[in-house]
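In what follows, chains are A, B, ... by sequence order, proteins preceding strands, each numbered from 1.
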There are 2 protein chains.
Amino acid sequence: MPPHCSICDLREVCFPCDLMLQGTGHGNPMVISDRRIKQGETLFRAGDDFHYLYTVRSGFFKTVQTLEDGREQVTGFQMSGDMLGADAIGPHFHGCTAVALEDSRVCAILYSHIDSLGDTMPELQHRLHMAMSSEIVREHSVMLLLGMMTAKERVAVFLLNLSQRLKARGYSPTEFVLRMTRRDVGSYLGLKLETVSRMISKFRDDGLVSAAQRHIRVLDLAGLKRCIKQVEN
Amino acid sequence: MPPHCSICDLREVCFPCDLMLQGTGHGNPMVISDRRIKQGETLFRAGDDFHYLYTVRSGFFKTVQTLEDGREQVTGFQMSGDMLGADAIGPHFHGCTAVALEDSRVCAILYSHIDSLGDTMPELQHRLHMAMSSEIVREHSVMLLLGMMTAKERVAVFLLNLSQRLKARGYSPTEFVLRMTRRDVGSYLGLKLETVSRMISKFRDDGLVSAAQRHIRVLDLAGLKRCIKQVEN
DNA sequence: CGTCCAGTTGACCTCCATCAAAAAGTGTGG
DNA sequence: CCACACTTTTTGATGGAGGTCAACTGGACG
């Protein structure tokens with residue numbers, strides 16, 4: 001497993017950072033880096049035993065939660081630096097399925113080692129806390145979105161958030177390709193795919209974005225932001 | 001601060017359990033137990049500096065998240081044993097406000113000590129992970145509720161979930177008093193208070209519950225469960 | 001006893017879901 | 001390279017679940 005954290009592009013955003021370099025001393029390397037997942041394949045499935053936390057090295061994932069009756073919802077989209085699998089620490093098995101939306105690479109970190117390494121690497125523990133806490137914060141904002149926002153606002157928030165995250169990773173915040181279908185976007189936002197399509201068309205008609213299928217160009221960032229918060233409650 | 005974890009009723013559900021007994025060795029007690037919060041008062045407010053994680057000893061809280069434009073949503077209800085404040089670990093300040101819905105008591109645990117105590121108490125770290133992970137799981141299920149369920153299903157899920165949690169704490173699962181207003185319930189479920197009221201009235205008309213204001217008696221648990229999953233998607 | 005807030009219920013309306021059809025894109029095998 | 005099948009996206013027409021507005025009821029409390 002060639003690439004180690006010290007030379008990883010994600011040192012700044014990946015939660016274990018380069019703390020893992022020295023391994024565990026148990027004879028096993030703590031990080032399995034550069035596991036590859038092809039587009040459409042799963043990193044883990046709901047119900048799988050929990051052993052590893054993952055961080056995305058490159059590529060794009062969605063996590064899907066399923067209800068007993070078969071209904072399912074996308075609970076998140078993960079890109080480079082994002083953590084996957086933390087919801088499995090409590091129950092000891094994965095509650096959602098992680099699907100690669102393009103060919104991707106991940107690092108896998110053996111959780112049992114993180115959990116028992118507080119003594120030698122207190123900083124590592126703290127970073128895991130930070131990552132999990134951030135996930136809770138993110139989910140609170142999704143709850144606000146799902147509970148309080150109109151369809152137009154939801155799609156605007158989605159695009160702005162994606163733009164923001166791409167920018168933070170050095171990509172263009174104004175021109176990008178969606179890796180997920182309208183159905184996935186709708187599922188994440190609590191909308192039907194037709195509604196997502198309509199809202200994007202509306203943004204196009206209003207001159208806020210230019211959109212051809214999954215290729216999005218944001219023309220008026222401020223205008224998109226103005227689409228939010230125009231509802232009173 | 002008289003009551004210590006070893007004699008606490010919540011040993012089984014409270015995440016730090018009785019691991020805290022010995023204090024930190026820094027001269028400060030690690031746990032401030034039995035802090036009292038009166039009905040209507042806040043334990044912390046959005047924007048407050050983060051120092052303590054809390055667990056509810058007795059009473060009932062709601063957490064409220066606010067959007068820039070003033071819209072706000074209830075993101076959770078917490079009862080004995082539940083943790084409060086974990087969303088502040090990452091940002092170092094609280095993102096939501098915790099309001100006591102009845103006179104309540106909490107334990108406060110100094111986070112900086114948890115964070116630096118991995119060496120002496122690895123089990124404590126793991127329990128914090130578990131608690132945070134469980135919160136993520138819970139929020140995933142709320143996302144499903146907000147994104148996929150009808151008003152009737154949401155209210156049924158809410159009542160069943162409350163019943164379940166009360167039962168786990170030794171209270172009657174079929175007869176209880178809501179500590180929150182219809183507006184709070186609606187905010188949590190992404191519904192208007194009138195809709196919540198209508199759904200409860202409907203359950204009453206269907207003989208599933210008897211409800212007089214906040215006093216709820218569940219008459220047909222199985223019937224309530226059947227209200228869920230009758231939607232196809 | 002009057003005030004105030006929470007809760008209930010009704011009438012109406014709006015936003016988004018649903019259903020449908022066509023267009024555009026993608027992949028596969030001949 | 002093209003034909004064909006299949007998926008994704010767009011757009012229109014219609015309907016329904018839940019929001020909005022309003023009136024009324026009933027406890028709680030001074």
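- Here the straight-line distance linking atom OH of Y188(B) with atom CD of Q73(B) works out to 9.5 Å at 0.5 Å rounding.
- At dG25(C), one or more side-chain N or O atoms of Q213(A) fall inside 4.0 Å of OP1 or OP2 (strictly under the cut-off).
- Residue R214(B) has a polar side-chain atom (N or O) positioned under 4.0 Å from OP1 or OP2 of dG7(C).
- S187(A) and E72(A) share no side-chain donor-acceptor pair at under 3.5 Å.
- The side chain of R182(A) sits closest to dT10(D) out of dG7(C), dT10(D), dC16(C).
- For dG12(D), its base sits under 3.5 Å from the side chain of R198(A) at one donor and acceptor pair at least.
- Computed from coordinates, the M148(A) CE to dG18(D) C1' distance equals 15 Å when rounded to whole Å.
- Atom NZ of K192(B) and atom P of dT9(C) are 20 Å apart (whole Å).
- The CD-C1' distance, from Q39(B) to dA6(C), rounds to 14 Å in whole Å.
- Distance, K152(A) NZ to dA17(C) C1': 19 Å, rounded to whole Å.
- For dA6(C), the OP1/OP2 oxygens have no side-chain nitrogen or oxygen of S197(B) closer than 4.0 Å.
- A 6.0 Å sphere centred on CZ of R183(A) holds no more than 12 heavy atoms belonging to other residues, nucleotides or ligands.
- Between the NZ atom of K202(B) and the C1' atom of dT9(C) there is a distance of 15 Å, rounded to whole Å.
- Residue R183(B) places none of its side-chain N or O atoms closer than 4.0 Å to OP1 or OP2 of dT8(C).
- Rounded to a whole Å, the CG atom of L193(A) is 15 Å from the P atom of dA20(C).
- Contact record, L84(A) with A98(A): CD2-CB, 4.3 Å, taken as the closest heavy-atom pair.
- The base of dT9(C) lies outside donor-acceptor range of the side chain of R204(B), with no N or O pair under 3.5 Å.
- Closest-nucleotide positions on DNA chain C for E194(A) and M149(A) were compared, and the one nearer the 5' end corresponds to M149(A).
- When heavy atoms are screened at a 4.0 angstrom cut-off, I200(B) is found touching no nucleic acid atom at all.
- Note: NE2 (H215(B)) to C1' (dA6(C)) measures 17 Å, nearest angstrom.
- Spacing between atom CD1 of I216(A) and atom C1' of dT10(D) amounts to 13 Å, rounded to whole angstrom units.
- Residue T195(B) places none of its side-chain N or O atoms closer than 4.0 Å to OP1 or OP2 of dG18(D).
- In the displayed structure, R214(A) atom CZ is contacted under 6.0 Å by more than 12 heavy atoms of other residues, nucleotides or ligands.
- Counting non-hydrogen atoms under 4.0 angstrom, G190(B) reaches the backbone sugars and phosphates but no base.
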